[in-house]
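Only one structure is covered here, and it is reproduced in the block below.
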Amino acid sequence: MKTFDYRTATAVDDALERLAGDENAMLLGGGTNLVDLMKLGVAAPSALIDVTRLPLHDIDVADDGALRIGSGVSNSDLAVHPVVRQRYPVLSRAVLSGASGQLRNMATTGGNLFQRTRCVYFMDASKPCNKREPDSGCPARNGEHRNLAILGASEACVATHPSDMAVALSALDARIVVRGVDGERKLEMDEFYRLPGDDPTRDNTVARDEIVTAIEIPKAADGTVSTYRKVRDRQSYAFAVASIGAVLDVEDGIVRGVSIALGGVAHRPWRARTAEHALLGTAPDEASFRAAITEELHAAEPLRDNAFKVPLVTNLVTRTLVELAELGTHEELGDRS
């Protein structure tokens, strides 16, 4: 690990000023991913700016029912918050499936958004990787890619985004609040994250001298049900082979609203908008769900060893939506068991 300076920010403006003064400085929250990357030689900041003392640790419910989550809130606190558990179970379950209890205690909500891919070539500084070193190549395409992307990838990169929480936030139509020297802006999840294209070095659209201060989630509509399901190679502490964050609203036997976000399949949480559009106004049954996700996955471009993800995701989405539809029916009847 290379030597670095350590600085503590006492206010958001202080952190912004320190970022502006050093183009190689990085923000430090829980450090559960960044410190590992520094040990591996993948990240080598000249300075770490500790933002854990900034006043960004609150979870607030607005007058309109929307939820605002400070970027300094720990993953553990987020997962067990009563409003999150009651109104947004997809988010609570996603966070709880994301890591060990010890890591959730350290990790921050803002930091979770900035996790880097766990592609083995990115994590090994001795290997070529376009995400680390532009134009050095993507050996994953012909090498170890079993757990990499089948959607939205490019010739330059087939990495997947590792965050479970981000998948749930995508399904909930969350917005990321970003602050810079020129003021504040709010980004939809698909605006916040980017696909690799010809420049996979950038995972998101946040400028180097900006800070994420909060996450905003609109009020959950009455009658909606949601959940998160994750397929992984082992039950304890493993990244998703594939996952789904889903929100479903069924009224009078018809799908009135649906959000489907997929994890483990793309460079960012993949919002399955083709499937969502196909489902609106249809009956909430297995045939409709399977047909919709099959249509979505027509865009998939699997590699040699990850084509199994296509039927896996098809079955995962279909079964999850079937169970949500059954749950919604039971809740309408007053059976919440």
Are E276 and I260 close enough, and set up right, to give a side chain to side chain contact (heavy atoms under 4.5 Å, CB included), and what steps lead you there?
-> CA-CA 7 Å; E276 293 172 3; I260 304 168; 4.1 Å; yes
Could you go through the side chain to side chain contact (heavy atoms under 4.5 Å, CB included) check for F289 and V317 one step at a time?
-> CA-CA 8 Å; F289 296 145; V317 172; 5.9 Å; no
Test salt bridge (charged side-chain N to carboxylate O under 4.0 Å, His left out) applied to E23 and R208, step by step | CA-CA 8 Å; E23 65 179 12; R208 190 200 59 77; 5.8 Å; no
Walk me through it: do V265 and T160 pass the test side chain to side chain contact (heavy atoms under 4.5 Å, CB included)?
-> CA-CA 6 Å; V265 297; T160 51; 5.8 Å; no
Could you go through the side chain to side chain contact (heavy atoms under 4.5 Å, CB included) check for W270 and V167 one step at a time?
-> CA-CA 8 Å; W270 186 267; V167 176; over 6 Å; no
Evaluation steps, salt bridge (charged side-chain N to carboxylate O under 4.0 Å, His left out), between D13 and R179 | CA-CA 9 Å; D13 287 342; R179 184 170 163 186; 2.6 Å; yes
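Within a 6.0 Å sphere centred on CZ of R273, other residues, nucleotides and ligands contribute more than 12 heavy atoms.
V83 and V73 fall within a single hydrophobic cluster, where Ile, Leu, Val, Met, Phe, Trp and Tyr side chains are chained together by heavy-atom contacts under 4.5 Å.
Not a single donor-acceptor pair under 3.5 Å links the side chain of D36 to the backbone N or O of N33. Side-chain atoms of R175 do not come within 3.5 Å of backbone N or O of M189 as any donor-acceptor pair. Counting only distance, with no hydrogens or angles, the side chain of K131 and the backbone of P200 share a donor-acceptor pair below 3.5 Å. Judged by distance alone, the side chain of E296 and the main-chain N or O of A275 form a donor-acceptor pair under 3.5 Å.
If you run side chain to side chain donor-acceptor pair (under 3.5 Å) between D203 and each of Q115, R116, R194, R268, only R116 comes through. When each of C138, C119, C157, P302 is paired with L148, the side-chain contact (heavy atoms from CB on, under 4.5 Å) condition holds for C119 and for no other.
Between D5 and L48 the shortest side-chain heavy-atom distance does not fall below 4.5 Å. The shortest distance between side-chain heavy atoms of I59 and L67 falls below 4.5 Å. Residues R304 and R141 form no side-chain contact, since every pair of their non-hydrogen atoms from C-beta on lies 4.5 Å or further apart. When side chains are defined from C-beta on, S97 counts as touching R232, because their heavy atoms get closer than 4.5 Å.
L54 approaches V12 most closely through the heavy-atom pair CD2-N, 3.9 Å. Annotation for A47 and D22: closest pair CB-OD2, 3.8 Å, computed over non-hydrogen atoms. Scanning all heavy atoms of the two residues, the minimum distance from T213 to L56 falls at O-CD2, 3.8 Å.
Judged purely by distance below 3.5 Å, without hydrogens or angles, the side chains of T109 and N112 never pair a donor atom with an acceptor atom. Defined by atom type and a distance below 3.5 Å, a donor-acceptor pair is present between the side-chain atoms of R271 and S259. A donor-acceptor pair shorter than 3.5 Å can be found between the side chains of Y228 and S243. A donor-acceptor pair shorter than 3.5 Å cannot be found between the side chains of R118 and N147. Checked by atom type, the side-chain pair S76/N105 shows a donor-acceptor distance below 3.5 Å. Side-chain contact of T227 with R93: a donor-acceptor pair under 3.5 Å is present, judged by distance alone.
For residues 128-182, the pairs satisfying ring pair (Phe, Tyr, Trp, His ring centres under 6.0 Å) are H161-Y193, with sequence neighbours left out.
With respect to E210 and R185, a salt bridge is recorded, a charged nitrogen being found less than 4.0 Å from a carboxylate O. Ion pairing of D164 with K230 is present here, as a side-chain N (NZ or NE/NH1/NH2) and a carboxylate O approach within less than 4.0 Å.
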